[in-house]
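Below: the structure, in structure tokens.
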Amino acid sequence: YAVTLDFFAEIEPEKTEKNVTARSVSLTLKKKDVEQPCWPRLLKSGKPHYVHTDFGKWKDEDESDEEAMADMG
């Protein structure tokens with residue numbers, strides 16, 4: 001299978017983390033432009049039906065990495 005996603009902003013491919021299981025593919029993307037920490041949306045076009053947000057790993061833009069890890073732990 002193959003999929004092409006046209007992201008809203010540029011990412012750093014070498015810092016992308018991926019986890020492939022029998023049931024899903026999970027990607028953690030890092031933006032190139034760190035001055036704008038949040039994207040208005042993931043893709044330039046609308047959201048495809050097969051892309052889902054993992055709210056268990058959701059992090060608010062004003063939340064630090066340490067606070068996010070404490071909430072997950």
Side-chain angles (χ1 to χ4, degrees):
Y1 298 94
V3 65
T4 301
L5 300 172
D6 193 16
F7 295 118
F8 187 83
E10 286 189 66
I11 63 166
E12 295 188 34
E14 62 279 353
K15 292 186 178 180
T16 297
E17 299 174 16
K18 64 181 174 179
N19 183 19
V20 180
T21 66
R23 298 187 64 201
S24 67
V25 176
S26 176
L27 300 172
T28 302
L29 307 171
K30 300 292 181 183
K31 286 179 47 179
K32 280 190 177 182
D33 182 16
V34 294
E35 292 178 12
Q36 293 182 336
C38 293
W39 295 351
R41 60 185 177 275
L42 177 64
L43 304 175
K44 287 184 181 179
S45 61
K47 181 181 152 195
H49 70 280
Y50 51 83
V51 175
H52 302 280
T53 302
D54 183 352
F55 287 103
K57 295 182 180 180
W58 184 269
K59 184 171 67 168
D60 290 328
E61 66 181 283
D62 60 344
E63 187 175 16
S64 71
D65 289 337
E66 292 82 25
E67 290 173 341
M69 294 304 288
D71 290 343
M72 291 172 63

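Atom set for the values below is all heavy atoms of this structure, side chains included, hydrogens, waters and symmetry mates excluded.
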Would you be so kind as to tabulate the donor-acceptor pairs closer than 3.5 Å made by side chains of residues 17-27, with sequence neighbours excluded?
from  : atom 1 : to    : atom 2 : distance (Å)
Thr21 : OG1    : Arg23 : N      : 3.3
Thr21 : OG1    : Ser24 : N      : 3.0
Thr21 : OG1    : Ser24 : O      : 3.2
Thr21 : OG1    : Ser24 : OG     : 3.3

Is Phe8 linked to Leu43 within one hydrophobic cluster, defined over Ile, Leu, Val, Met, Phe, Trp and Tyr using a side-chain heavy-atom separation of less than 4.5 Å? no
Distance (rounded to the nearest 0.5 Å) between Lys30 NZ and Lys15 NZ: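 Those atoms lie 8.0 Å apart.
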